[in-house]
Amino acid sequence: MNVISKRTLIKFYEEHVQAKTPLEVWHSDARKAEWKTPDDIKKVYENASFLKDNRVVFNIKGNDYRLIVHIDYVRKIVRVKFVGTHAQYDKINAEEI
């Protein structure tokens, strides 16, 4: 999968150092993945949540952080929509961000 934009992840983990390794692992896994359906994601990320419009919420570092992406399964594109702490996530609408 082509992940857009890693820069968003980097900017976040520059401020939240403990998120660096888990986000780097997620990014590496996503780049190697060939997700065609949400079921493909569930096989690896059991705790992933699926929202409308092909949005997926990943729990990062034991649910300390949340990552929201939009996935275009046909074009193999994963767009980072949000990365934040659990508290920051609670303040947004995951289906609209």
**Q** Tell me, do K42 and F50 make a side-chain contact under 4.5 Å, heavy atoms counted?
**A**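 With C-beta onward as the side chain, the pair touches.
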
**Q** Less than 4.5 Å apart, any side-chain heavy atom of V80 and any of V3?
**A**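 With C-beta onward as the side chain, the pair touches.
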
**Q** How far does CE of M1 sit from CZ of R79, to the nearest 0.5 angstrom?
**A**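 With rounding to 0.5 Å, CE (M1) is 10.5 Å from CZ (R79).
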
**Q** Test E24 against Y13 for side-chain hydrogen bond (donor to acceptor under 3.5 Å, both in side chains), laying out the working first.
**A** CA-CA 9 Å; E24 287 286 342; Y13 69 60; 2.3 Å; yes

**Q** Among the clusters formed by ILVMFWY side chains lying less than 4.5 Å apart, do V44 and I41 turn up in the same one?
**A**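 V44 and I41: one cluster.
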
**Q** Could you work out, with side-chain hydrogen bond (donor to acceptor under 3.5 Å, both in side chains) as the rule, every residue matching R66, not counting sequence neighbours?
**A**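 R66: side-chain hydrogen bond (donor to acceptor under 3.5 Å, both in side chains) contacts with N59, N63.
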
**Q** If the condition is salt bridge (Lys or Arg N to Asp or Glu O under 4.0 Å), which residues does K61 pass it with, not counting sequence neighbours?
**A**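 Counting only residues at least two positions away or on another chain, K61 forms a salt bridge (Lys or Arg N to Asp or Glu O under 4.0 Å) with D64.
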
**Q** Could I get the full list of ring pair (Phe, Tyr, Trp, His ring centres under 6.0 Å) partners for F58, not counting sequence neighbours?
**A**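 If we apply the ring pair (Phe, Tyr, Trp, His ring centres under 6.0 Å) test to F58, skipping adjacent residues, the hits are W26, Y45.
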
**Q** With sequence neighbours left out, what residues match K11 under salt bridge (Lys or Arg N to Asp or Glu O under 4.0 Å)?
**A**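 Partners of K11 under the salt bridge (Lys or Arg N to Asp or Glu O under 4.0 Å) test: none.
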
**Q** State which residues pass side-chain contact (heavy atoms from CB on, under 4.5 Å) with D39; sequence neighbours excluded, sorted by chain then number.
**A**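 Listed in chain order: T37.
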
**Q** Who pairs with D40 by side-chain hydrogen bond (donor to acceptor under 3.5 Å, both in side chains), at least two apart in sequence or on another chain?
**A**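 In terms of side-chain hydrogen bond (donor to acceptor under 3.5 Å, both in side chains), with neighbours along the sequence ignored, D40 is linked to no residue.
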
**Q** Walk me through whether E34 and Y73 qualify under side chain to side chain contact (heavy atoms under 4.5 Å, CB included).
**A** CA-CA 9 Å; E34 294 186 23; Y73 294 99; over 6 Å; no

**Q** Would you check, one step at a time, whether the test side chain to side chain contact (heavy atoms under 4.5 Å, CB included) holds for R55 with I71?
**A** CA-CA 6 Å; R55 287 177 182 244; I71 300 179; over 6 Å; no

**Q** Starting from I4 and following side-chain heavy-atom contacts under 4.5 Å between hydrophobic residues (I, L, V, M, F, W, Y), which residues can be reached?
**A**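 Joined to I4, directly or through intermediates: I77.
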
**Q** E46: what forms a salt bridge (Lys or Arg N to Asp or Glu O under 4.0 Å) with it, not counting sequence neighbours?
**A**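 Testing E46 for salt bridge (Lys or Arg N to Asp or Glu O under 4.0 Å), a comparison that skips the adjacent residues, returns none.
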
**Q** Which residues pass the salt bridge (Lys or Arg N to Asp or Glu O under 4.0 Å) test with D72, sequence neighbours left out?
**A**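 Per chain and number, D72 pairs via salt bridge (Lys or Arg N to Asp or Glu O under 4.0 Å) with R75.
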
**Q** Would you mind writing out the side-chain donor-acceptor pairs for residues 89-97 within the sub-3.5 Å range, not counting sequence neighbours?
**A**
unit_1	atom_1	unit_2	atom_2	d
N93	OD1	E95	N	2.9
N93	ND2	E96	OE2	3.4

**Q** For F82, what residues pass the ring pair (Phe, Tyr, Trp, His ring centres under 6.0 Å) criterion, not counting sequence neighbours?
**A**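 None.
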
**Q** V56, I68: one ILVMFWY side-chain cluster at the under-4.5 Å cut-off?
**A**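 Looking at the clustering, I68 is in a separate group from V56.
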
**Q** Under the side-chain contact (heavy atoms from CB on, under 4.5 Å) test against I60, which residue among V83, L9, T85, L23 passes?
**A**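 Output: one option passes, namely L23.
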
**Q** Please evaluate residues H86 and Y65 with respect to the criterion side chain to side chain contact (heavy atoms under 4.5 Å, CB included), reporting the C-alpha separation (whole Å), side-chain torsions for both, the decisive distance (0.1 Å), and the verdict.
**A** CA-CA 5 Å; H86 196 101; Y65 307 103; over 6 Å; no

**Q** With a cut-off of 6.0 Å (strictly less than), are more than 12 heavy atoms of other residues, nucleotides or ligands near NZ of K76?
**A**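 Count not over threshold, so no.
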
**Q** To the nearest 0.5 angstrom, please state how far the NZ atom of K81 sits from the CG atom of D53.
**A**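 Going from the NZ atom of K81 to the CG atom of D53 covers 8.0 Å.
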
**Q** For S49, give me all partners under side-chain hydrogen bond (donor to acceptor under 3.5 Å, both in side chains), at least two apart in sequence or on another chain.
**A**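 S49 satisfies side-chain hydrogen bond (donor to acceptor under 3.5 Å, both in side chains) with no residue once adjacent residues are dropped.
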
